[in-house]
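Computed from a predicted structure; not experimentally measured. Sequence positions, counted from 1, serve as the residue numbers for this chain.
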Amino acid sequence: MYPKNFVIKRILVAIVLGLLIGVTTSEVPFLFLRDTARAPREIVLTIPAGTAAQVARGEQPPSLPKDMTFVVEDRLVVKNEDSAEHKLGSLWIPANSSAQLSLDQEESMVFECSFQPSNYFGLEVREPLTPRTRLFGIIYVAFPMAILIALYSFVIPPKKKENVAA
């Protein structure tokens, strides 16, 4: 049987190690997901003048992305500054006007699109990363890891104190 002080010390070390591993394991992926760590907002996609002519020549308009990532509750406003009408999925955008699309649920979509040479435009809608999401990520990793480390630490025998002969 281990002394009480020894058990408490091993459990505290296991909790600290579990938290460190949990924070590292959980937070590193969030660094790559910064574009969804925000509140929903209105995002304007502007189709510049001359886009229809560029697309007709098979060129990618430099100011237009090939696809975009959003968070749930974002609103995409497509502003057409071109002299030609354009289409994005069910949105028809006449010349010098705009249309909007509400993004209300998490999903990946590919729309038929007239302002891309490929005629397709990808939209990915993700859940926003909130402090609560991040905290749950840490908790779901840290506590099980701490318990496992504590259990495995009792398999390792304690160091025996050596008697020093005078």
Side-chain angles (χ1 to χ4, degrees), residues 12-150 152:
L12 289 175
V13 168
I15 289 171
V16 169
L17 280 173
L19 280 172
L20 285 173
I21 292 170
V23 167
T24 303
T25 305
S26 181
E27 287 299 306
V28 168
F30 287 133
L31 294 175
F32 298 104
L33 299 172
R34 286 187 189 252
D35 56 340
T36 59
R38 60 174 177 79
R41 64 179 185 222
E42 179 177 287
I43 298 171
V44 179
L45 176 64
T46 303
I47 303 169
T51 298
Q54 283 182 314
V55 171
R57 291 189 305 264
E59 298 173 5
Q60 171 70 34
S63 63
L64 292 174
K66 292 183 181 183
D67 53 13
M68 296 179 77
T69 301
F70 301 91
V71 298
V72 175
E73 303 288 322
D74 271 352
R75 187 173 56 237
L76 173 63
V77 177
V78 183
K79 186 176 175 184
N80 186 3
E81 294 178 350
D82 199 3
S83 58
E85 60 187 40
H86 286 283
K87 184 176 180 182
L88 175 64
S90 62
L91 295 179
W92 176 67
I93 311 115
N96 299 310
S97 67
S98 64
Q100 64 183 6
L101 178 66
S102 294
L103 305 165
D104 298 326
Q105 62 185 16
E106 183 178 5
E107 59 187 321
S108 291
M109 302 172 275
V110 178
F111 287 119
E112 181 184 3
C113 165
S114 64
F115 53 85
Q116 294 288 342
S118 65
N119 291 325
Y120 294 102
F121 190 76
L123 297 178
E124 187 171 348
V125 183
R126 298 180 183 166
E127 285 291 329
L129 294 176
T130 62
R132 182 177 179 204
T133 308
R134 296 175 84 161
L135 181 63
F136 282 155
I138 292 169
I139 290 170
Y140 290 152
V141 173
F143 288 121
M145 187 61 66
I147 291 168
L148 284 172
I149 291 170
Y152 282 121

Checklist entry - Between atom CD1 of Ile43 and atom CG of Leu101, what is the distance when rounded to the nearest 0.5 Å? => result 11.0 Å
Next on the checklist: With rounding to the nearest 0.5 angstrom, report the CZ to CZ distance, Arg126 to Phe70.
Outcome noted: 12.0 Å
Checklist entry - If you count the non-hydrogen atoms of other residues, nucleotides and ligands that lie under 6.0 Å from CZ in Arg57, is the total more than 12? => result yes
Checklist entry - Passes side chain to side chain contact (heavy atoms under 4.5 Å, CB included), Phe111 versus Leu91? Steps please. => result CA-CA 10 Å; Phe111 287 119; Leu91 295 179; over 6 Å; no
Next on the checklist: Could you measure the distance from the CG atom of Leu19 to the CD1 atom of Ile139? Nearest 0.5 Å is fine.
Outcome noted: 9.5 Å
Next on the checklist: With a 4.0 Å cut-off on N to O distance, would you call Arg38 and Asp74 a salt bridge?
Outcome noted: yes
Checklist entry - Taking NZ, NE, NH1 and NH2 as the nitrogens, is one of them in Glu27 or Arg134 under 4.0 Å from a carboxylate oxygen of the other? => result yes
Checklist entry - Do side-chain atoms of Asn80 reach the backbone of Asn96 as a donor and acceptor pair under 3.5 angstrom? => result no
Next on the checklist: Return the CG to CG distance between Leu12 and Leu17, rounded to the nearest 0.5 Å.
Outcome noted: 11.0 Å
Item to check | Spatial distance of atom CD1 (Ile15) from atom CG (Leu20) [nearest 0.5 Å] | outcome: 12.0 Å
Checklist entry - Which is it for Thr46 and Glu81 under the side chain to side chain contact (heavy atoms under 4.5 Å, CB included) test, yes or no, and what are the steps along the way? => result CA-CA 7 Å; Thr46 303; Glu81 294 178 350; 3.4 Å; yes
Checklist entry - Where the side chain of Thr133 meets the backbone of Leu129, is there a donor-acceptor pair that is under 3.5 Å apart? => result no
Item to check | Side chain proximity check, Pro48 to Pro62, heavy atoms < 4.5 angstrom | outcome: no
Next on the checklist: Checking the side chain of Ser26 only, and the main-chain atoms of Val23 only, is there a donor and an acceptor separated by less than 3.5 Å?
Outcome noted: no
Checklist outcome for this item: dist Leu76:CG -> Met68:CE (nearest 0.5 Å) comes out at 6.0 Å
Item to check | Backbone N/O of Ala52 and side chain of Asp82: donor-acceptor pair under 3.5 Å | outcome: yes
Checklist entry - So, Glu85 and Lys87, do they make that salt bridge, N to O below 4.0 Å? => result no
Next on the checklist: Applying the side chain to side chain contact (heavy atoms under 4.5 Å, CB included) criterion to Gln116, which one of Leu64, Thr51, Val55 satisfies it?
Outcome noted: Leu64
Item to check | Atom CD of Glu112 with >12 non-hydrogen neighbours under 6.0 angstrom | outcome: no
